[in-house]
Each structure stands twice: as structure tokens, then as C-alpha cells.
Amino acid sequence: MSDTGLTVRTRVAPSPTGDPHVGTAYVALFNLAFARRHGGRFVLRIEDTDQARSTAASEAAIVASLRWAGIDWDEGPDIGGAYGPYRQSERVALYREHAERLVAQGDAFHCFCSPERLDALRRAQRERGENPGYDGHCLGVSEEERNRRLAAGEPSVIRLRVPRDGACRVEDRLRGMIEIPWAQVDMQVLVKSDGFPTYHLAVVVDDHLMGITHVLRGEEWIGSLPKHALLYRCLGWDMPEHAHLPLLRNPDRSKLSKRRNPTSLGYFRDVGYLPEALLNYLGLMGWSMPDEREIFSLDEMVEAFDLDRVATGGPVFDLEKLDWLNGQYLRGLSAEAFADRVAAWGLRRDRLLQLVPLVQSRTERLIDLAPQVDYLLGERPSLTAEHFAHRTLEEADCRRVLHHVLRVLDEMPEVTGEALLARCRALAESMDLKIRDFVFPQFVAVSGRSVALPLFDSVAFLGRDLARARIRSALEALGGVSKKEGKRLDRAFEALPAGPADRGPD
RNA sequence: GUCCCCUUCGUCUAGAGGCCUAGGACACUGGGUUUUCAUCCCAGUAACAGGGGUUCGACUCCCCUAGGGGACGCCA
């Protein structure tokens with residue numbers, strides 16, 4: 001609060017491990033609005049402490065997407081600031097230093113347990129019906145032994161020492177006092193064996209060092225609150241005020257996920273939502289204007305923002321209302337502005353250039369161009385099961401193919417025509433299908449017809465998210481995939497020789 | 001399973017004990033304007049999860065139950 005006399009500082013801290021998520025923009029919006037409202041500063045910090053999954057490409061995409069959405073930060077990895085660096089991989093020494101201090105104080109300890117042991121431990125605990133958690137095995141390691149094993153280069157991590165009795169009480173700005181028994185809190189790893197910190201250590205150290213006064217983050221973090229509170233205490237720091245925002249939900253009320261819905265900011269851009277409409281819509285999720293106005297700009301939201309008006313129930317991310325809102329914005333544009341938006345969206349030269357290799361050889365008169373690319377520049381027709389009638393493939397086969405392709409799409413780090421072709425060739429072969437047949441349901445799903453421009457290039461042009469949405473909707477047209485069938489298909493996919501690579505995060 | 005969070009129309013929400021015969025928006029239905037369609041305008045259907053308290057009075061406060069969600073990783 002501004003009444004603390006301190007400058008309000010908030011941050012959003014995405015992890016660069018995948019496509020830019022609409023939830024990131026949502027949390028960023030609230031942090032931004034709160035900071036601006038109180039004349040404070042809003043910071044972008046990149047949490048790239050997972051060396052295996054973080055990529056520079058993802059970071060770049062996130063930065064670009066947030067900017068596209070209209071989110072602006074005062075400090076960040078791309079623009080610098082007084083509290084840098086703003087990329088956690090560049091702050092490792094800092095975490096190390098604090099971790100060592102915690103070890104010296106006896107608040108943390110080295111652990112030499114192998115992943116295999118921990119795995120077996122957790123399995124056994126679950127079998128016994130106990131809560132999985134570290135058993136304190138290395139708590140008994142003497143200082144001499146520890147130093148010897150460390151000197152010998154034995155792999156180790158640093159864990160937080162957590163009290164066993166009592167409960168941790170922390171005030172949440174939105175939900176009031178939250179009390180969690182310490183027995184529920186695991187002895188969390190703070191420093192991994194690669195020397196990198198985990199989220200829990202890094203977030204506390206950075207939020208403190210960067211002068212963050214208010215942490216507005218997703219509800220999913222409530223369970224980690226005790227660890228963070230304990231770290232603040234052990235390090236002798238004041239804890240920033242915490243407010244856990246509700247989680248955006250799928251229509252079935254589970255946490256919004258890319259497996260069930262479009263979640264990538266790129267999707268919203270490619271389909272043609274205006275960033276100001278998207279931001280407005282996100283502002284309607286769990287928050288309302290004092291006068292109940294539903295159409296408002298970012299500036300208007302900033303002016304009126306008040307944490308007391310944040311609701312705690314998880315809002316369903318409902319595309320229908322977003323569509324209406326986007327329509328309001330689109331219709332409100334001048335003819336000039338509208339034309340500019342259309343051009344910037346789909347008729348850019350670079351975008352058109354991507355189309356040329358697909359259409360040039362098939363074109364005799366320019367007027368014939370539009371019908372060829374209709375499904376690439378526009379929505380494809382809606383489908384029914386009849387669209388999938390095929391001389392050899394049954395509906396069940398089509399479902400199987402589409403489901404598996406969806407999995408492939410999820411797993412590919414980058415969707416290119418060539419990569420997709422290679423992947424689908426292998427998949428078709430291991431499913432004992434001719435590529436020609438394998439490709440049929442995809443043509444229908446993606447283009448709405450069985451004959452269209454080259455499939456894989458079409459998918460690449462549309463992009464992962466749009467393609468995913470169309471295949472999902474095709475699957476619906478085929479009667480939908482029940483939870484049970486989904487599991488069965490997942491298993492079938494995983495059993496295929498050309499099956500899965502690593503599945504990405506949501 | 002354990003812990004935690006949440007619960008107003010199908011959906012987003014207003015409501016901080018009497019102003020509530022529960023308001024608005026999307027969606028839906030009906031009507032009007034319009035060369036079709038859309039826009040736009042008007043009207044309508046539709047909710048306080050259930051049960052106990054507290055109180056003169058509960059959507060609003062407390063408790064229990066139910067339902068939903070999240071977390072239980074060398075991921076964030």
C-alpha cells in the first residue's frame with residue numbers, strides 16, 4: 001500500500017519454457033495496474049532457473065507477446081534497470097551466497113540423496129498412504145562427512161530445514177489469514193545439483209533484493225507460502241504483501257490449459273483479437289470497475305484499480321464474451337484504423353510471402369487465389385462427422401490420428417513443415433497407415449476439405465495454436481473424445497515406436 | 001490420500017446486515033429498424049450450493065456438509 005511510505009514495486013516473473021501464456025498476461029496486467037495506480041514501478045523478471053527447459057527463443061517470444069498485448073514494464077532484461085540483472089540465470093552467485101548463509105545458520109543442509117532414492121522413498125510413502133516428502137535422511141550427516149563428500153565432488157543439493165510442529169500463518173491480501181501445518185511442508189530443495197536455485201529460493205532472494213513490495217501471483221502458489229515465509233524469516237527480511245489471484249479456468253473449471261483450450265498469446269494475435277480487447281477482457285476476470293463498466297482501456301483500469309475489488313473465485317475464460325468485446329473494439333475503429341489493423345494482421349508482405357511457395361505454382365488467375373487460401377486467412381467451415389467419410393478410414397481411425405497429431409504438435413519445440421512431415425511419416429508407419437490416408441483427417445480438420453494446399457506447410461502457416469484449436473474442434477465433430485478414451489489414446493500413442501518425446505509444460 | 005483455496009443466473013460479475021420483488025454484461029429466445037446478413041434498439045427466460053446458528057432482520061457474519069479447484073518435483 002502506498003501508506004507504507006515505500007514506493008510500490010511489483011513484478012511478473014514468467015519462466016521461459018514454452019509458448020507465452022495468456023495467464024502470464026493476466027497476472028502481469030494486475031501487477032501493472034496495481035503498481036501504476038500507486039505511482040510505483042512494474043518489473044519483468046525472467047525465471048530461467050530450469051536449465052533443461054528454459055530457452056532464449058521462449059524468452060524472446062514472451063517478451064514480444066507481452067509487448068504485443070500492451071503490457072509495459074519499467075525494468076526488465078531487455079531494458080535494464082537499477083536492480084538488475086533481471087534474468088535469474090545471471091544471478092546464480094547471489095542465490096549461492098544466500099544458500100550458503102542459510103547452511104551456515106543451520107537453516108538449510110546439504111543432501112546427497114540420489115533421485116532414485118527419493119523416487120523410491122516417495123513411492124513407498126504413497127503406498128503406505130503417507131504424504132510424500134523428504135525423510136530427513138541427510139540431516140544426520142556430520143559436518144566432517146559433509147565436507148569430505150563435497151570435496152570428493154559427490155553430487156548434492158541444498159535443502160531447507162522445515163519445522164515439524166505447529167503451523168505457518170501468513171496473511172494474504174485477498175483471502176485473509178492462511179494457516180498451513182508445517183507437517184505439510186516438504187524440506188524443499190533450494191539449490192539443485194547443477195548449482196542453480198529452485199524457484200523458491202530465487203523468488204525470495206530476488207523479490208527482496210529487487211525491492212518488491214507486493215507479490216501478486218497465481219493461486220497455485222498458496223501451498224508454497226510457508227516455504228517462502230520461512231525463507232524470509234531465516235534471512236531476516238520483511239515479507240512483501242502477498243495477494244494470490246484466482247486461476248483462469250477451462251470451461252470445465254480445471255486450470256486453464258493448452259490441452260483443452262487456446263492459451264498462447266500468439267493464438268489470440270493470429271486469430272485477430274485486438275490486444276486492447278484482450279487486455280480489457282482479462283481485466284474483467286476477477287475484477288470489476290466500481291461503476292460496473294465493462295468496456296475500459298488499460299489507463300482507465302489503472303486509474304480505478306483497487307485490490308479490494310478483486311474476486312477470489314476462479315473465472316472461466318469464456319471465448320464468447322471475448323468475441324463480443326473484440327467486436328465492440330473492432331466496430332469502434334475508424335475506417336482508416338480498421339484497414340490498418342487488417343493489413344497488419346493478415347496482409348503483411350512477410351506473411352503473404354510465406355504463402356507464395358504454396359500457391360504460385362497452382363495459380364493461373366489471381367482471382368483464383370482467395371479460394372485456395374480461404375482457410376489460411378480465414379476460419380475454416382465448421383465440421384460434422386460426414387466430412388470425415390473415407391474409403392478405408394473409420395471414424396475411430398480419424399479420431400486416433402487426430403489425437404496423436406495433437407500430441408505431436410504439443411511436443412514439437414518449433415512447428416515447421418519439414419519437421420511435421422518427418423514426424424507424421426514415422427507416426428503413420430508405426431500405426432501401419434499409408435501417409436496418404438494418415439493425412440486425410442488432418443486435411444479435413446485443418447482446411448475443412450479433403451483437398452487443399454500442402455498440409456504440413458498449411459499447419460506451419462497457421463501456427464501451432466490455431467492448428468491445435470482446429471484439430472480439437474474436428475475431434476468434437478467426430479463425437480468428442482471422452483476422458484476414458486483420451487487416456488486410452490494417450491497410452492496407445494505412448495506405446496508407439498514413433499510416439500512421444502518429452503511433453504512440454506502447460 | 002493429506003493440506004489449502006473457492007462457491008450469486010449456462011458464463012463474467014454487482015452486492016461490504018435492511019436500499020434485493022437480487023442489478024448489469026455475454027450467450028439464448030421473441031420483437032423492431034435494415035435490399036439479405038450483421039450491426040443497432042426493445043423485451044423475456046435464468047442465480048444467492050445445502051443445513052444449522054448469530055441478529056429485530058441475512059446474498060452479506062460464524063459453523064458444518066456437499067461440490068469445484070489447486071498444491072504435494074533437483075518444474076515454475
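The shown structure was predicted, so the numbers you read here are calculated from the model rather than taken from an experiment. In what follows, chains carry the letters A, B, and so on, assigned in the order in which the sequence lines appear, proteins first and then strands, with residues in each chain numbered from 1.
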So, does [X] get its side chain near the phosphate of [N], meaning an N or O under 4.0 Å from OP1 or OP2?
X: A/Arg253; N: B/C12; result: yes
X: A/Arg309; N: B/G15; result: yes
X: A/Lys255; N: B/A71; result: yes
X: A/Arg159; N: B/C74; result: yes
X: A/Ser288; N: B/C12; result: no
X: A/Ser254; N: B/G69; result: no
X: A/Arg122; N: B/C74; result: yes
X: A/Arg331; N: B/C40; result: yes

Any sub-3.5 Å donor-acceptor pair from [X]'s side-chain atoms to [Y]'s backbone N or O?
X: A/Asn261; Y: A/Leu256; value: no
X: A/Asp252; Y: A/Ser254; value: yes
X: A/Asp74; Y: A/Phe42; value: yes

Pairing check on [N]: which nucleotide meets the Watson-Crick or G-U wobble criteria with it, both distances under 3.5 Å?
N: B/U2; answer: B/A71
N: B/U34; answer: none
N: B/A66; answer: B/U7

Sticking with atom [atom1], work out how far [N] lies from [M], rounded to a whole angstrom.
N: B/U60; M: B/U8; atom1: P; answer: 12 Å
N: B/C9; M: B/A14; atom1: P; answer: 12 Å
N: B/C28; M: B/U54; atom1: C1'; answer: 41 Å
N: B/A49; M: B/C41; atom1: C1'; answer: 37 Å
N: B/U29; M: B/G10; atom1: C1'; answer: 14 Å
N: B/A46; M: B/G23; atom1: P; answer: 12 Å

Is A/Asn131 touching bases, backbone alone, or none of the nucleic acid, heavy atoms closer than 4.0 Å?
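Base contact - A/Asn131 has a heavy atom under 4.0 Å of at least one base atom.
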Looking at every strand, decide which applies to A/Cys113 at a 4.0 Å heavy-atom threshold: base, sugar-phosphate, or nothing.
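The answer is base, as A/Cys113 lies within the cut-off (heavy atoms under 4.0 Å) of a base atom.
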Ring centroid separation A/Trp221 to A/Tyr199 under 6.0 Å:
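Ring-ring flag for A/Trp221/A/Tyr199: true, centres closer than 6.0 Å.
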What N/O pairs connect the protein and nucleotides 25-32 of chain B at under 3.5 Å? Give each pair on its own line.
unit_1 : atom_1 : unit_2   : atom_2 : d
B/A25  : O4'    : A/Glu294 : OE1    : 2.7
B/A25  : O2'    : A/Glu294 : OE1    : 2.7
B/A25  : N3     : A/Lys321 : NZ     : 3.0

Between CE of A/Met301 and CG of A/Leu32, what distance do you get to the nearest 0.5 Å?
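Going from CE on A/Met301 over to CG on A/Leu32, the span is 8.5 Å.
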Who passes side chain to side chain donor-acceptor pair (under 3.5 Å) against A/Tyr86, sequence neighbours left out?
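Counting only residues at least two positions away or on another chain, A/Tyr86 forms a side chain to side chain donor-acceptor pair (under 3.5 Å) with A/Glu75.
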Looking only at N and O atoms, is any donor in the side chain of A/Glu292 or the base of B/G23 less than 3.5 Å from an acceptor on the other one?
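Indeed, a donor on one side and an acceptor on the other fall under 3.5 Å apart.
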If I take atom CH2 in residue A/Trp287 and atom C1' in nucleotide B/A14, what distance separates them, rounded to the nearest angstrom?
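To the nearest whole Å, that distance equals 13 Å.
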